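One structure is given below, encoded as structure tokens.
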Amino acid sequence: MSGLQVLSPDTGPVATRPPEDEIEGDDEDEDLDETFLERLWGLTEMFPDTLRSAAEVSANCSLSVGKRLYSFSRAALWVGTTSFMILVLPVVFETERLQLEQQQLQQQRQILLGPNAGMSGGMPGMMPPAPGKL
């Protein structure tokens, strides 16, 4: 057959099969079942010992600093929260109570003196404005 007849679509599908020795050679790849960590550990062997020890010291130092930072942040958060609760919240509650008390006094004055008393009055304890002067 000529080269054109072999490649023409009229000849039909051509079955290709790899040689027998290549089929059995694939078993070697299937036997290597290793995890990602095992493969990564195997790759570390290509670096010099000084680089590996420097990386280990650096990782241990980073871990130690991270633990200390976490511990410090927990303690600082505890001190800040308890200080706020002890020092600031009583002041906030007391000012809220005083505002509520002033509102109640203003409502009592409005009920006793009429609806216009709330607008014309100044601060309690001050002299009322003189009649005739606006």
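Values in this document were obtained by computation on a predicted structure and should not be read as measured data.
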Looking at [Y], is its backbone amide N or carbonyl O close enough to the side chain of [X] to form a donor-acceptor pair, meaning the two atoms are under 3.5 Å apart?
X	Y	answer
Ser71	Lys67	no
Thr81	Trp78	no
Ser73	Leu69	yes
Ser62	Ser58	yes

What distance do [X] atom [atom1] and [Y] atom [atom2] have between them, rounded to the nearest 0.5 Å?
X	Y	atom1	atom2	result
Arg97	Gln102	CZ	CD	11.0 Å
Asp49	Ser53	CG	OG	7.0 Å
Arg68	Leu63	CZ	CG	11.0 Å
Leu113	Gln108	CG	CD	11.0 Å
Leu100	Thr95	CG	OG1	11.5 Å
Ile111	Gln106	CD1	CD	11.5 Å

Checklist entry - Sequence neighbours excluded, which residues qualify as salt bridge (charged side-chain N to carboxylate O under 4.0 Å, His left out) partners of Glu38? => result none

Tell me whether [Y] is reachable from [X] by hopping between hydrophobic residues (I, L, V, M, F, W, Y) whose side-chain heavy atoms are closer than 4.5 Å.
X	Y	value
Tyr70	Val65	no
Trp41	Met46	no
Val91	Phe84	no
Met85	Val92	yes

Checklist entry - Does the distance from a Lys or Arg side-chain N to an Asp or Glu carboxylate O, for Arg52 and Glu56, drop under 4.0 Å? => result no

